[in-house]
Colleague: 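Here it is: the structure, laid out below.
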Amino acid sequence: GAGVSQSPSNKVTEKGKDVELRCDPISGHTALYWYRQSLGQGLEFLIYFQGNSAPDKSGLPSDRFSAERTGGSVSTLTIQRTQQEDSAVYLCASSLEWGYGYTFGSGTRLTVV
Amino acid sequence: KQEVTQIPAALSVPEGENLVLNCSFTDSAIYNLQWFRQDPGKGLTSLLLIQSSQREQTSGRLNASLDKSSGRSTLYIAASQPGDSATYLCAVTNTGGFKTIFGAGTRLFVKA
């Protein structure tokens, strides 16, 4: 597509529920990144995909967080048993390859109540 | 561990003024440095990317410089306009790693 698309744009969920966040990168971009931005905070790295593999998942905060990428394209970030501290904007970015400039999506605002 | 710091945290200037935003990083083994702007409630827009072998990049009224040895980058905005009001983020990608580390940003307000 023309840009990086994320869905949903907003998600309100009850504490303890599972959520799935989707990222559709720019067509042909092999590198994909997930970041988290909490209120008033900077961007926190979560995971990096090259193709379908994740050479760096060091930023995932706990084992409740997982991500996958299929077909070298769409990626899904799953948060199990959500907690209030998971409330944040989750941003996805893609680039042609690692080391190239990033294009960000508009993000998914997650609110856990 | 790479750390990225941006000073000032916030800046308010009158329209038409030239201004400089600062970014410093602790590990000089970088692959590239990017500047982004973020408008409230929105994602990030890429402004400039400087490769480690480059000293500066220019786009319109924006000029970014890079001094790897001193661990510094500056973003110069000429003839500022109210539409430049946003948060500006500096981001560093290291060699030998995959993640890009972001600074906390400088919130810019340009008064008409």
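Letters A, B, ... mirror the listed sequences (proteins, then strands); counts begin at 1.
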Colleague: Where does A:Gln41 contact chain B at under 4.5 Å (heavy atoms): side chain, backbone, both or neither?
Modeller: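 Neither part.
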Colleague: Any sub-3.5 Å donor-acceptor pair from B:Gln34's side-chain atoms to A:Tyr102's backbone N or O?
Modeller: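 Looks like yes, one N/O pair under 3.5 Å.
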Colleague: Would you say B:Leu89 and A:Leu91 are hydrophobically clustered, going by side-chain heavy atoms of ILVMFWY under 4.5 Å?
Modeller: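 The answer is yes; both residues are in one hydrophobic cluster.
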Colleague: For residues B:Lys42 and A:Ser106, is any side-chain donor paired with an opposing acceptor at under 3.5 Å?
Modeller: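 Result is no, nothing qualifies.
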Colleague: Heavy-atom distances under 4.5 Å only: say whether B:Thr45 touches chain A with side chain, backbone, both or neither.
Modeller: neither
Colleague: Sort A:Ser58 into side chain, backbone, both or neither according to what part of it lies under 4.5 angstrom from a heavy atom of chain B.
Modeller: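 When you check distances to chain B, only side chain atoms of A:Ser58 fall under 4.5 Å.
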Colleague: Sort by residue number and list every member of residues 47-64 of chain B having a non-hydrogen atom under 4.5 Å from chain A.
Modeller: B:Leu49, B:Gln51
Colleague: If you count heavy-atom pairs under 4.5 Å between each of A:Gly107, A:Pro55, A:Ala31 and chain B, which one has the most?
Modeller: A:Pro55
Colleague: Indicate if B:Leu75 and B:Val13 have the same hydrophobic cluster label, given that clusters are the connected sets of ILVMFWY residues with side-chain heavy-atom separations under 4.5 angstrom.
Modeller: yes
Colleague: How long is the gap from CG on A:Leu46 to NZ on B:Lys99, to the nearest 0.5 Å?
Modeller: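 Separation between the atoms: 10.0 Å.
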Colleague: Around A:Glu85, counting heavy atoms of other residues, nucleotides and ligands shown, do more than 12 lie under 6.0 Å from its CD?
Modeller: yes
Colleague: Under 4.5 Å from any heavy atom of chain A, what part of B:Asp39 do you find: side chain, backbone, both or neither?
Modeller: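 For B:Asp39, there is no contact with chain A at all, as no heavy atom is under 4.5 Å.
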Colleague: May I ask whether B:Leu21 and B:Phe25 are part of the same hydrophobic cluster, defined by side-chain heavy atoms of I, L, V, M, F, W, Y residues being less than 4.5 angstrom apart, directly or through others?
Modeller: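 Yes: a chain of side-chain contacts under 4.5 Å links B:Leu21 to B:Phe25.
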Colleague: Do the side chains of B:Tyr76 and B:Leu108 join up, straight or via other hydrophobic residues, at under 4.5 Å, putting them in one cluster?
Modeller: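 Each belongs to a different hydrophobic cluster.
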Colleague: Return the CD to CD1 distance between A:Glu44 and B:Ile101, rounded to the nearest 0.5 Å.
Modeller: 10.0 Å
Colleague: Group every Ile, Leu, Val, Met, Phe, Trp and Tyr by side-chain heavy-atom contacts under 4.5 Å, then state whether A:Val89 and A:Val112 land in the same group.
Modeller: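 A:Val89 and A:Val112: separate clusters.
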Colleague: Output the distance between atom OH (A:Tyr35) and atom CZ (B:Phe102), rounded to the nearest 0.5 Å.
Modeller: 5.0 Å
Colleague: Under 4.5 Å from any heavy atom of chain B, what part of A:Tyr100 do you find: side chain, backbone, both or neither?
Modeller: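 Just the backbone, heavy atoms under 4.5 Å.
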Colleague: Closer than 3.5 angstrom, by distance alone: can the side chain of B:Asn32 be matched with the main-chain N or O of A:Gly99 as a donor-acceptor pair?
Modeller: yes
Colleague: Using every non-hydrogen atom in the two residues, find where B:Leu44 and A:Phe104 come nearest and quote the distance to one decimal.
Modeller: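 Of all heavy-atom pairs spanning B:Leu44 and A:Phe104, the closest is O-CB, 3.5 Å.
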Colleague: Please state whether the side chain, the backbone, both or neither of A:Leu43 comes within less than 4.5 Å of a heavy atom of chain B.
Modeller: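 Both parts, backbone and side chain.
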Colleague: Which atoms form the tightest heavy-atom contact between B:Phe98 and A:Tyr33, and what is the distance?
Modeller: O-CE2, 4.1 Å
